[in-house]
Amino acid sequence: MPPPNLMTVDSMIRGVRTLLLDKVRPYRYSDTSLIAALNISLNEGRRLRPDVFLSRYGIEVPQYEEISGAVIPVEAQFRLAFEYGIAGHALMRDQEDVQDQRSTIFLANFENMLVGRRPVIPLEGGTPAPKKQRGQPGQPSET
Amino acid sequence: MALDPREAQQLLAQAQIKLTGASESGIKAELYDVLKEFFEDSNCWTEDINFRPTAGATEFMLATAQDGQIIRLLGVWDDKGSPKTDAFMREFGTVTFVNAPQSDATANWTARVAKTITLPITREALPIAPDWTLRVYSIHVLDGLLGKMMAQQQKSYSNNQMSAYHLKRFRTGIQIAKVAAERANLKGAQSWTYPRGWSSRSQRGGVSTAYPTRFI
């Protein structure tokens with residue numbers, strides 16, 4: 001399978017699953033929830049940058065119902081922003097503090113990359129590291 | 001009749017280089033407005049349309065052979081080449097005479113009209129305009145495009161100061177195109193004027209001349 005270039009729905013969802021560390025079945029985030037996140041991100045993109053969705057005689061925002069090879073009609077330079085938007089929206093459903101932070105940063109980057117008024121924020125948060133055990137070999141005791 | 005595709009590609013590339021974060025579709029949409037203003041204010045896109053007047057009629061529909069929307073009547077000449085000074089165009093595309101011709105014309109008369117772009121656009125979402133537009137005036141069109149894009153608010157390429165700069169250059173470009181069209185692109189046509197020392201701020205005690213007019 002080729003690496004995701006974010007051009008089609010299938011490629012975009014695979015790219016988002018990479019960001020979410022959700023590439024092994026059974027998935028933590030269902031296909032339906034990610035498609036919903038894609039549709040919502042496209043609508044939000046329409047609010048921020050309607051010119052991205054300009055067709056010949058109007059503005060058309062595509063909506064999808066399933067993962068397929070359908071092309072997402074968004075210029076290449078904006079696809080990463082939508083990948084971040086989908087990931088941020090998917091992470092919003094989690095109730096872990098660290099996921100909330102990542103969700104917020106993903107969504108902020110989504111907006112920043114589309115509007116381009118602020119620099120992209122570095123990602124923070126993530127799965128907490130396991131607590132260090134006392135007295136492990138090679139490590140000084142904390143006492 | 002369409003824009004030169006290589007020139008159009010070059011123009012879009014130049015615009016995207018200078019407008020970080022701008023979409024190609026957004027630039028094409030703005031290009032439509034830029035060209036509309038360019039043609040409307042310069043009258044540089046003209047077409048000569050033939051029509052055959054009939055006795056007693058005062059209104060004659062003009063059928064354009066090419067694309068574009070008629071916006072202005074520049075003149076009407078009869079079949080002998082004499083200008084008809086009583087013609088006007090209240091309705092776009094219809095020549096009206098104050099005095100109806102006394103008899104049917106034996107040959108076509110000519111109406112010269114100025115035109116601008118209109119819908120539809122091409123499949124590539126580019127306006128339909130003469131191919132010489134970008135070959136000759138691409139620098140001025142690019143200035144208009146950059147000025148209008150930079151005037152948009154809350155975008156990565158928003159820049160009020162540079163917008164004013166480019167729009168000023170664009171208006172200069174429109175004036176250049178207007179003068180060139182009026183002189184039929186003939187270099188030096190009626191461009192002379194009296195030396196500065198002859199001019200006066202008012203006509204009182206100074207030199208007043210009807211002709212020639214300083215064009216630039």
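Naming: A, B, ... by sequence-line order, numbering from 1 per chain.
Of the possible donor and acceptor atoms, one in the side chain of Gln77(A) sits under 3.5 Å from a partner among the backbone N and O of Ala22(B). Side-chain N or O atoms of Glu24(B) include none that pairs as donor or acceptor with a backbone N or O of Glu75(A) at under 3.5 Å.
Heavy-atom minimum distance, Ser156(B) versus Gly116(A): CB-O, 3.4 Å. Scanning both residues, Gly21(B) and Phe78(A), for their nearest heavy atoms gives O-CZ, 3.5 Å.
Between Ser25(B) and Phe53(A), every side-chain heavy-atom pair lies at or beyond the 4.5 Å cut-off.
Heavy-atom neighbours of Ile40(A) CD1 from other residues, nucleotides or ligands within 6.0 Å: above the threshold of 12. The number of heavy atoms from other shown groups lying within 6.0 Å of CD (Glu65(A)) does not exceed 12. By the 6.0 Å contact criterion, CZ on Phe92(B) is open, its count of non-hydrogen atoms from other residues, nucleotides or ligands being 12 or less. Around the CD atom of Gln66(B), the shell of radius 6.0 Å holds more than 12 heavy atoms that belong to other residues, nucleotides or ligands. Lys178(B) NZ: 12 or fewer foreign heavy atoms inside a 6.0 Å radius.
In this structure, chain A has a heavy atom under 4.5 Å from the backbone of Thr122(B), while its side chain stays farther away. Contacts between Gln16(B) and chain A at a heavy-atom distance below 4.5 Å involve the side chain alone, from C-beta outward. Of the two parts of Leu119(B), only the side chain, counted from C-beta on, holds a non-hydrogen atom closer than 4.5 Å to a non-hydrogen atom of chain A.
Here the straight-line distance linking atom CZ of Arg56(A) with atom CZ of Arg123(B) works out to 8.5 Å at 0.5 Å rounding. In this structure, the separation between NZ on Lys155(B) and CG on Leu48(A) is 10.0 Å, given to the nearest 0.5 Å.
For the 3.5 Å distance criterion, the side chains of Asp51(A) and Ser23(B) qualify, holding a donor opposite an acceptor.
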